[in-house]
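Only heavy atoms go into these numbers, but all of them, side chains included; no hydrogens, no water, no symmetry mates.
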Number of protein chains: 2
Amino acid sequence: MPTTSPTFQPLYLQIKTLVEAALERGEWRPGEAIPSEMLLATRFGVSQGTVRKAINALAAGNLVVRRQGKGTFVATHTEEKASNFRFLRIRRDGGEEVHPVSRLVDMRRAKAGIEIARVLDLKPGAPVIVLRRVLEYAGEPVLFDEITLPAPLFRGLSKAKLDAYRGSMYSYFETQLGVRMLRAQERLKAVPADRYAAALLEVEPGTPLLAVERVTFTYGERPVEHRRGLCVTRRHHYANDLG
Amino acid sequence: MPTTSPTFQPLYLQIKTLVEAALERGEWRPGEAIPSEMLLATRFGVSQGTVRKAINALAAGNLVVRRQGKGTFVATHTEEKASNFRFLRIRRDGGEEVHPVSRLVDMRRAKAGIEIARVLDLKPGAPVIVLRRVLEYAGEPVLFDEITLPAPLFRGLSKAKLDAYRGSMYSYFETQLGVRMLRAQERLKAVPADRYAAALLEVEPGTPLLAVERVTFTYGERPVEHRRGLCVTRRHHYANDLG
DNA sequence: CAGTGGTCTAGACCACATC
DNA sequence: ATGTGGTCTAGACCACTGG
């Protein structure tokens, strides 16, 4: 029954919160099916229709994926078609889809600067891990990323293991470290290539590059990654749909 | 009752198509309320719940806006909060929201080149209107747009009228010319400023600029605008959310 | 075949806005 | 008080998947 009160929240949103909490606590793993609507309905003591609305809301936020006839599954970065597409917006100009390959440049431990600390909600000087990598499309270096992660959350990350892993970086974080990337904010600018990026991306210093700054969030809107990408847009672009 | 057939389409989607057609034919004007769910249900001979699903689908595509207790309204570019925000992703770095001001540079008639013709689904050489304008944030030129429109659809467009109009360009198109912008695709690159853009944007030639190429669609996925923007990203950025 | 999500209905009631 | 969209329920049936 609905809770009538000044801070009214519909029942299906309360159910949504409960299921979301179960997801966060790992009751079902990424890729696994969650219980059927009927089971959840009896578990929470509401009708199937109410559970349906709750799950639809979760599906709208890409926390779960519905598949008719099969069930509802915890979203994962592991099996997304061609292992990409939810967060990577860089495309070839022509249209032919090419799977980029990631090449890890280096990895080191560092302390959070004041800006990184602010966006990751850390104390300045907190330990972080900094990864650098290059994405190559058809052998051509296109994107240079510098990725900053809070060290405690990503304990156990090693260059060797990441190098050996087949699959996307977010897939690795999810399956090996238990950190799930759910949502991200990006800010784009145009900047000239510095000497270091120019060398890695095989362009002249000063070449205009697309700078993509990303903050990625996990459950509870907690920021867990900062990423700065520099992209050569000679034969590639950043695609965006405005609905 | 549902139509059982090999090309099955649920009833609510059929209703959605009917309402969409009514919107396109202008049965209700932008900003106006459409009939209540009950009225539409009797009109189409289905239950209120089915109409609800149809309208929810339209609302998800931003064709209509639902307002509890008031009704469902045809989406409009005229009253969107602060007259912007659905398509303009350029923001000040700081965060203080500043309303940009549009300054029309020139307007001329031309013939579609091969590329423009392709994206606007016209024949090469078809008549188009080309607008150029600068967007200023707090008096500072930030974005230079070159906007190409199919001439027949935008008959009656004049520089004087556009100059005099208070409100966004899409609001003008919608209220004065009956062309509604519903959806857009954007492609972003980083490019060096040419001399002309550099002068208008008050930067040095060669300065990296964010190039935003947009194709905008109206009902039926028909492209009706091509736009190329060049943006100074010294104190501004392009904001994007990845869900 | 049984089980899943998806659709459709009818009715009751709630929250919000307006008069 | 009335009318709007929003929630909740219960039940029936449909479409899809897999054994």
S.K.: Which residues, if any, of residues 50-60 of chain A bring a heavy atom under 4.0 Å of DNA chain D?
M.R.: A:T50, A:K53
S.K.: Could you list by number each residue of residues 36-43 of chain B showing a heavy-atom separation from DNA chain D of less than 4.0 Å, or answer none if no residue does?
M.R.: B:S36, B:E37
S.K.: Name all residues meeting the side-chain contact (heavy atoms from CB on, under 4.5 Å) criterion together with B:A239; count only those two or more places apart in sequence or in a different chain, and write none if there are none.
M.R.: B:R91, B:H237
S.K.: Among residues two or more places apart or on two chains, list those pairs meeting salt bridge (Lys or Arg N to Asp or Glu O under 4.0 Å) that have a residue in residues 41-51 of chain B.
M.R.: B:E27-B:R43
S.K.: Starting from C1' on D:dT17, measure out to CZ on A:R66 and report it in whole angstrom.
M.R.: 15 Å
S.K.: Can you find a side-chain donor-acceptor pair between A:T78 and A:Y170 that sits under 3.5 Å?
M.R.: no
S.K.: Checking A:R133 now: which residues fulfil salt bridge (Lys or Arg N to Asp or Glu O under 4.0 Å) with it, not counting sequence neighbours?
M.R.: A:D145
S.K.: Sequence neighbours left out, cut at 3.5 Å: what donor-acceptor pairs do the side chains of residues 152-163 of chain B make with other protein atoms?
M.R.:
unit_1 : atom_1 : unit_2 : atom_2 : d
B:S158 : OG     : B:K161 : N      : 3.1
B:K159 : NZ     : B:D163 : OD2    : 3.2

S.K.: Just the rounded figure in Å: distance from P of D:dC8 to NZ of A:K16.
M.R.: 14 Å
S.K.: Using whole Å, report how far CD1 of A:I34 lies from P of C:dT4.
M.R.: 12 Å
S.K.: Kindly write out the residues that satisfy salt bridge (Lys or Arg N to Asp or Glu O under 4.0 Å) with A:D93, not counting sequence neighbours, or none if the list is empty.
M.R.: B:K189
S.K.: According to ring pair (Phe, Tyr, Trp, His ring centres under 6.0 Å), who are the partners of A:H226, at least two apart in sequence or on a separate chain?
M.R.: none
S.K.: Would you kindly say whether A:Y238 and B:R187 are connected by a side-chain donor-acceptor distance under 3.5 Å?
M.R.: no
S.K.: Restricting to pairs with a member in residues 210-220 of chain B, which pass salt bridge (Lys or Arg N to Asp or Glu O under 4.0 Å), not counting sequence neighbours?
M.R.: B:E186-B:R214
S.K.: Nearest whole Å is fine: how far is D:dT9 P from A:Y12 OH?
M.R.: 13 Å
S.K.: Given atom CD1 of A:I15 and atom P of D:dC8, what is their separation to the nearest angstrom?
M.R.: 9 Å
S.K.: Under 3.5 Å, which donor-acceptor pairs do the side chains of residues 66-75 of chain B form with other protein atoms, sequence neighbours left out?
M.R.:
unit_1 : atom_1 : unit_2 : atom_2 : d
B:R66  : NH1    : B:N56  : OD1    : 2.6
B:R66  : NH2    : B:E37  : OE2    : 2.2

S.K.: Looking at B:T72, I'd like to know whether one of its side-chain N or O atoms comes within less than 4.0 Å of OP1 or OP2 on D:dG5.
M.R.: yes
S.K.: What pairs of nitrogen or oxygen atoms, one from the protein and one from nucleotides 16-19 of chain C, lie under 3.5 Å apart?
M.R.:
unit_1 : atom_1 : unit_2 : atom_2 : d
C:dC16 : O4'    : B:Q68  : OE1    : 3.3

S.K.: May I have the distance from A:Q9 (atom CD) to C:dC14 (atom C1'), rounded to whole angstrom?
M.R.: 15 Å
S.K.: Rounded to the nearest angstrom, tell me the gap between atom CD in A:Q48 and atom P in D:dA10.
M.R.: 11 Å
S.K.: Can you name the residues that form a side-chain contact (heavy atoms from CB on, under 4.5 Å) with B:S47, not counting sequence neighbours?
M.R.: B:T50
